[in-house]
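To start, the structure under review is shown below, and the notes come after it.
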Amino acid sequence: MNGCTATVSQTLTGAAGLSVAVSSFTNIACNGGTTGAISITTTGGTTPYSYLWNNSSTLQDQTGLAVGTYTVTVTDVNGCTATVSQTLTGAAGLSVAVSSFTNIACNGGTTGTISITTTEALPLQLFMNE
């Protein structure tokens with residue numbers, strides 16, 4: 001042993017942290033409908049990414065969704081994961097009820113009346129057939 005030494009150094013780096021976020025979403029237009037959509041953006045980690053939604057879909061973005069909460073877990077090639085959830089809501093249901101009416105007094109007459117009440121979330125147009 002001559003007392004000689006050698007030194008080497010290496011800097012270890014890691015991938016940027018995996019992150020997923022909802023970039024846009026569309027709530028359901030009509031009560032009971034499936035017009036909802038969710039788009040996500042994934043950054044960091046190491047590509048390729050895989051996606052698993054709580055509705056069993058493996059697509060990055062979702063369309064044709066009903067009211068509910070949707071969660072996606074994104075996994076990168078190294079097994080790192082990130083999760084995000086989005087709740088979609090829908091318009092309130094429309095209901096119409098006859099509140100009062102008056103029958104026509106004479107055959108062929110025009111003395112009848114109908115009064116209705118409505119509850120709804122969007123502007124309502126009523127059409128009457130004579």
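What you are looking at is a predicted structure, and each value in this text was computed from that prediction instead of being measured.
The residue from T89, N31, T87, I28 that alone fulfils the side chain to side chain contact (heavy atoms under 4.5 Å, CB included) condition with V67 is I28.
Tracing side-chain contacts under 4.5 Å through hydrophobic residues (I, L, V, M, F, W, Y), one never reaches V77 starting from Y49; they form parts of separate clusters. Linking ILVMFWY residues whenever their side-chain heavy atoms come closer than 4.5 Å, directly or via other members, leaves L18 and L52 in distinct clusters.
Under a 3.5 Å cut-off, the side chain of S19 and the backbone N or O of T43 do not form any donor-acceptor pair. A donor-acceptor contact shorter than 3.5 Å links the side chain of D76 to the backbone of N78.
One finds the CG atom of N55 at 12.0 Å from the OG1 atom of T69 (value rounded to the nearest 0.5 Å). Here CG of D61 is found 6.0 Å from CD1 of I40. Values are rounded to the nearest 0.5 Å. Separation of atoms CH2 (W53) and CD (Q86) is listed at 8.5 Å; rounding is to 0.5 Å. Note that OG1 of T26 is 13.0 Å distant from CD of Q62, once rounded to the nearest 0.5 Å.
Residues V20 and T83 are not in side-chain contact: their nearest non-hydrogen atoms beyond the backbone lie 4.5 Å or more apart.
The two residues L59 and Y51 make their nearest non-hydrogen contact at O-CB, 3.8 Å. The two residues S85 and T71 have their closest heavy-atom pair at OG-OG1, 2.6 Å.
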